[in-house]
Amino acid sequence: PSEPTLVLRLKFLNDTERLARVRPGDTVGALKRTYFPGQEQQVRLIYQGQLLRDDAQSLAGLHLGHLSVLHCHLSPPSAAPAAPGTPGPRSPAPAALGVGSLALPLFVLLLALLWYLQLQHRHVFTATATTCLAGLTLLVTFVAFAMYRR
């Protein structure tokens, strides 16, 4: 007798779904090869919040039921390294400047202005205001380093 088949729902980031007919004895790698031919290295399957890293693991071992959902993430193909002496691919054009990319520099500029005013007009700033300004400057410094650290 043949092994019963399961129907799995492959759900993508753009909320599209695809049905996959598999046997419980199939492996995660076989599922990738069948439904993502040529893209096995770029597809990431996630079941119940866990990344399925082991391609040799059987689907039965995951305790998948009929119409279980496997979340699929397809990463873009990585470019092959260029041969020595040949020019590499051109870097993509910079993204358009948006409000998000300008928020931190504008905030830093505002802090610099406040520090200038604090130094030039000390009589206007109380000790509490100066302490808050110092704390805010420290916080922005940590955020800036966290955002631009790679």
Side-chain angles (χ1 to χ4, degrees), residues 1-116 118 128-150:
S2 67
E3 206 174 1
T5 60
L6 287 174
V7 176
L8 302 177
R9 293 169 45 202
L10 303 177
K11 190 167 184 170
F12 297 88
L13 292 177
N14 61 0
D15 282 335
T16 59
E17 284 191 17
R18 188 170 158 194
L19 296 178
R21 293 192 183 280
V22 297
R23 292 186 308 270
D26 289 347
T27 63
V28 172
L31 174 69
K32 288 180 182 181
R33 284 189 298 279
T34 304
Y35 289 94
F36 304 96
Q39 297 177 309
E40 296 92 346
Q41 298 301 319
Q42 294 140 344
V43 69
R44 302 285 180 260
L45 298 175
I46 301 164
Y47 179 62
Q48 292 184 339
Q50 297 297 316
L51 179 63
L52 305 181
R53 297 174 196 256
D54 185 10
D55 284 352
Q57 184 176 20
S58 73
L59 299 177
L62 296 171
H63 307 291
L64 295 168
H66 185 67
L67 294 178
S68 291
V69 176
L70 284 176
H71 295 275
C72 304
H73 175 263
L74 283 170
S75 53
S78 60
T86 60
R90 291 175 21 140
S91 61
L97 287 178
V99 175
S101 63
L102 293 177
L104 189 62
L106 288 175
F107 204 58
V108 169
L109 187 64
L110 178 65
L111 276 175
L113 176 67
L114 285 172
W115 275 112
Y116 173 79
Q118 197 278 341
T128 305
T130 303
T131 304
C132 288
L133 183 59
L136 191 59
T137 302
L138 196 61
L139 178 68
V140 169
T141 303
F142 285 132
V143 169
F145 278 112
M147 283 179 60
Y148 294 109
R149 180 182 63 151
R150 291 192 189 234

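Here, residue 1 is the first one in the sequence, and each next residue gets the next number. Any value given below was found using the heavy atoms of this structure, including those in side chains, with hydrogens, waters and symmetry copies removed.
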Taking side chain as C-beta onward, heavy atoms only, is V28 less than 4.5 Å from L45? yes
Should L114 and L136 count as side-chain neighbours, where that means a heavy-atom distance under 4.5 Å?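 Of all side-chain heavy-atom pairs linking L136 with L114, none is under 4.5 Å.
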Going from [atom1] on [X] to [atom2] on [Y], what distance comes out if it is rounded to the nearest 0.5 angstrom?
X	Y	atom1	atom2	answer
L138	L133	CG	CG	11.5 Å
L6	L59	CG	CG	7.5 Å
R21	L19	CZ	CG	7.5 Å
L52	L31	CG	CG	9.0 Å

Worked verdict on V140 versus V108 for side chain to side chain contact (heavy atoms under 4.5 Å, CB included): CA-CA 8 Å; V140 169; V108 169; 4.0 Å; yes
Which residue pairs pass the side chain to side chain donor-acceptor pair (under 3.5 Å) test when at least one of the two sits in residues 59-73, sequence neighbours left out?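 Listed once each, the pairs would be none.
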Among all residues two or more places apart in sequence or in another chain, which pass the side chain to side chain donor-acceptor pair (under 3.5 Å) test with [X]?
X	answer
E40	none
S75	none
S58	none
N14	T16

Contacts of D55 that satisfy salt bridge (Lys or Arg N to Asp or Glu O under 4.0 Å) - sequence neighbours left out: K32
R9: what forms a salt bridge (Lys or Arg N to Asp or Glu O under 4.0 Å) with it, not counting sequence neighbours? E17
Checking T27 against Q57: is there a side-chain donor and acceptor pair closer than 3.5 Å?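 No.
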Work out which heavy atom in T34 is nearest to a heavy atom in A30; give both atom names and the distance. OG1-O, 2.7 Å
Those residues that, when tested against [X], pass side chain to side chain contact (heavy atoms under 4.5 Å, CB included) (two or more places apart):
X	answer
Q48	none
T141	T137, F145
T5	R23
R18	L10, F12, Y35, F36

Please check this pair: side chain of R53 against backbone of Q50, looking for a donor-acceptor N/O pair closer than 3.5 Å. no
